[in-house]
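Everything below concerns the one structure shown next.
These values consider heavy atoms only, across backbone and side chains, with no hydrogens, waters or symmetry-generated copies.
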Amino acid sequence: MTAETDTPRATGSCCSSTGSCHDKAAEVQVGGVTAVYEVKGMTCGHCEGAVSEEISGIEGVTSVKAEASSGRVTVASAAPLSEDAVRAAVDEAGYELVGLA
């Protein structure tokens, strides 16, 4: 028996019935908030990583996806974030927060 079959799947798990966490159901965040911000100055993957790392450090943040090509950063969190906290994180990374996209 494998570890996968020995481990019961929790009710409400993000994983699909096939055991994959990479389907649309996994993108749904129950009880959370998703916000999209515009950030100036990102030009490459390194920029995306720097911004993502700093924003990830904000309490309550569950995921961050930065896209240099669009200048947008999508942030999922347990509760709404203070724009001042997001601005401080983006500033710390060396970029400029324009505001909500």
Side-chain angles (χ1 to χ4, degrees):
M1 201 177 264
T2 67
E4 182 178 43
T5 57
D6 288 340
T7 307
R9 191 176 317 269
T11 304
S13 170
C14 71
C15 293
S16 69
S17 59
T18 63
S20 170
C21 285
H22 302 288
D23 61 4
K24 294 292 181 189
E27 295 175 15
V28 177
Q29 183 180 7
V30 178
V33 176
T34 301
V36 180
Y37 298 93
E38 184 177 345
V39 175
K40 286 175 86 173
M42 293 189 301
T43 60
C44 65
H46 178 269
C47 301
E48 294 170 344
V51 170
S52 294
E53 183 178 345
E54 291 297 332
I55 293 175
S56 292
I58 300 171
E59 186 174 339
V61 170
T62 56
S63 72
V64 180
K65 181 178 181 186
E67 296 178 0
S69 62
S70 66
R72 294 183 185 245
V73 180
T74 303
V75 181
S77 57
L81 300 175
S82 150
E83 188 168 316
D84 289 340
V86 176
R87 185 174 308 283
V90 171
D91 286 348
E92 183 66 27
Y95 303 91
E96 179 185 346
L97 178 69
V98 176
L100 286 169

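- Other residues, nucleotides and ligands place no more than 12 heavy atoms under 6.0 Å from the CZ atom of Arg72.
- Formation of a donor-acceptor pair under 3.5 Å by the Thr62 side chain with backbone atoms of Ala76 is found in this model.
- For the side chain to side chain contact (heavy atoms under 4.5 Å, CB included) test with Val73, the passing option among Ile55, Val86, Val90, Leu97 is Ile55; the others fail.
- For the pair Ala66 and Ser52, the tightest heavy-atom approach, listed with the atom from each and the gap, is CB-OG, 3.6 Å.
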task = Could you walk me through whether Tyr37 and Val51 pass side-chain contact (heavy atoms from CB on, under 4.5 Å), step by step?
result = CA-CA 11 Å; Tyr37 298 93; Val51 170; over 6 Å; no

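- Taken from OG in Ser69 to CD in Glu48, the straight-line distance is 7.0 Å, to the nearest 0.5 Å.
- The minimum heavy-atom distance between Tyr95 and Cys47, with the atom names listed, is OH-SG, 3.2 Å.
- When all heavy atoms of Val98 and Arg87 are compared, the closest pair comes out as O-NH2, 4.4 Å.
- Under the 4.5 Å side-chain heavy-atom criterion for ILVMFWY residues, no single connected hydrophobic cluster contains both Val33 and Leu100.
- Here the CG atom belonging to Asp91 is positioned 10.0 Å from the CD atom belonging to Glu54, to the nearest 0.5 angstrom.
- A continuous path of ILVMFWY side-chain contacts below 4.5 Å connects Ile58 to Met42, so both sit in one hydrophobic cluster.
- The shortest heavy-atom contact between Glu83 and Gly99 is OE2-CA, 4.1 Å.
- Under the 3.5 Å distance criterion, the side-chain polar atoms of Glu38 are left unmatched by any main-chain donor or acceptor of Ala101.
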